[in-house]
Amino acid sequence: QVQLVESGGGSVQSGGSLRLSCAASGHTYSKTCMGWFRQAPGKEREGVAAIYAFGGSTYYADSVKGRFTISQDNAKNTLYLQMNTLEPEDTAMYYCAAEKDVHWVPPSALTALSPLQYNYWGQGTQITVSS
């Protein structure tokens, strides 16, 4: 049973930083992706950042490139999202996700950032950025 538990959400002013953590249990597929997604009220869930564990390829949505950094600590089975220079447009519920499909080569960004690719989801953590 795969379980993903996010933490680190909260409220911050524009320009501030936050770091999200996702503790994963039961997920040991190295040739798969894990990612961060977000969903704002009235909007579809969108991919923010993803990482292909085998080799460490990373993928980012254009809106967060240069501001967000995804990383993972395999020893701790934990996924992180460092978010800097936060903007009000970053306000959303943020979800950690993991897939079970194996990729023998790093997937495309389109694949890695697609919510449809992911099978396991955390409960979400709210990020609110005020101007």
Side-chain angles (χ1 to χ4, degrees):
Q1 181 77 11
V2 176
Q3 287 191 323
L4 305 172
V5 180
E6 303 100 334
S7 61
S11 298
V12 65
Q13 288 193 326
S14 181
S17 299
L18 286 173
R19 188 176 82 155
L20 301 182
S21 299
C22 173
S25 60
H27 184 261
T28 58
Y29 313 126
S30 64
K31 294 184 175 64
T32 63
C33 288
M34 291 190 70
W36 290 97
F37 296 78
R38 67 187 181 187
Q39 188 166 20
K43 294 188 176 181
E44 293 187 354
R45 189 168 298 189
E46 63 173 351
V48 174
I51 186 166
Y52 176 59
F54 190 76
S57 297
T58 56
Y59 311 84
Y60 296 96
D62 288 343
S63 58
V64 306
K65 280 180 182 176
R67 301 188 298 122
F68 291 11
T69 303
I70 189 171
S71 62
Q72 62 182 53
D73 184 331
N74 290 328
K76 295 181 179 180
N77 289 328
T78 301
L79 184 73
Y80 301 100
L81 184 68
Q82 177 66 43
M83 303 182 292
N84 298 328
T85 320
L86 283 160
E87 304 168 350
E89 293 73 21
D90 296 316
T91 295
M93 185 72 79
Y94 283 70
Y95 298 90
C96 171
E99 61 173 358
K100 63 180 179 180
D101 287 347
V102 172
H103 304 281
W104 295 104
V105 296
S108 67
L110 192 63
T111 295
L113 293 175
S114 170
L116 298 177
Q117 193 67 24
Y118 291 77
N119 308 94
Y120 310 106
W121 294 86
Q123 81 286 353
T125 186
Q126 178 69 36
I127 300 291
T128 302
V129 184
S130 58
S131 57

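Counting begins at 1 with the first residue of the sequence. Fair warning: this is a prediction, and the values are worked out from it, not measured in the lab.
Between Leu81 atom CG and Tyr94 atom OH the span is 7.5 Å, to the nearest 0.5 Å. Summarising the geometry, atom OG1 belonging to Thr69 is positioned 11.0 Å from atom CZ belonging to Arg67; distances are rounded to the nearest 0.5 Å. Put simply, CD on Glu6 and SG on Cys22 are 5.5 Å apart, with the number rounded to the nearest 0.5 Å. We find the OG1-CZ distance between Thr85 and Phe68 to be 9.0 Å, quoted to the nearest 0.5 Å. Separation of atoms CG (Leu4) and CD (Gln123) is listed at 9.0 Å; rounding is to 0.5 Å. Going from atom CG of Leu86 over to atom OG of Ser14 covers 8.0 Å, rounded to the nearest 0.5 Å.
Linking Ile, Leu, Val, Met, Phe, Trp and Tyr whenever their side-chain heavy atoms come within less than 4.5 Å puts Val2 and Met34 in one cluster. Note on Val48 and Ile70: same hydrophobic cluster, where clusters join Ile, Leu, Val, Met, Phe, Trp and Tyr whose side-chain heavy atoms are under 4.5 Å apart, directly or indirectly. The hydrophobic clustering, which links ILVMFWY residues whose side-chain heavy atoms are closer than 4.5 Å, places Tyr52 and Leu79 apart. Note on Val12: it clusters hydrophobically with Trp36, by side-chain heavy-atom contacts below 4.5 Å among ILVMFWY residues. No continuous path of ILVMFWY side-chain contacts below 4.5 Å connects Tyr95 to Val64, so the two sit in separate hydrophobic clusters.
For the pair Arg45/Trp121, a side-chain contact is recorded, criterion being any heavy-atom separation below 4.5 Å from C-beta on. Side-chain contact check for Ile127 versus Met83: some heavy-atom pair is nearer than 4.5 Å. Put simply, the side chain of Thr111 reaches to within 4.5 Å of the side chain of His103, judged on heavy atoms. In this structure the side chain of Phe37 reaches within 4.5 angstrom of the side chain of Tyr118, judged on heavy atoms. Here the side chains of Ser63 and Arg38 are in contact, with some heavy-atom distance below 4.5 Å.
Side-chain atoms of Thr78 never come within 3.5 Å of backbone atoms of Ala23 as a donor-acceptor pair (strictly under, hydrogens ignored). Using modelled atom types, one side-chain atom of Glu99 and one backbone atom of Cys33 make a donor-acceptor pair closer than 3.5 Å.
Residue Pro88 comes nearest to Ser131 through the heavy atom pair CG-CB, 3.9 Å, listed as atom of the first residue, atom of the second, then distance. Contact detail for Ser17 and Asn84: the closest heavy-atom pair is OG-OD1, 3.0 Å. Scanning both residues, Gln72 and Ala53, for their nearest heavy atoms gives NE2-CB, 3.5 Å.
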Problem set entry | Stepwise side chain to side chain contact (heavy atoms under 4.5 Å, CB included) test for Ser108 and Tyr59 | CA-CA 9 Å; Ser108 67; Tyr59 311 84; over 6 Å; no

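Shown here is Tyr120, whose OH atom has more than 12 heavy atoms of other residues, nucleotides or ligands within 6.0 Å.
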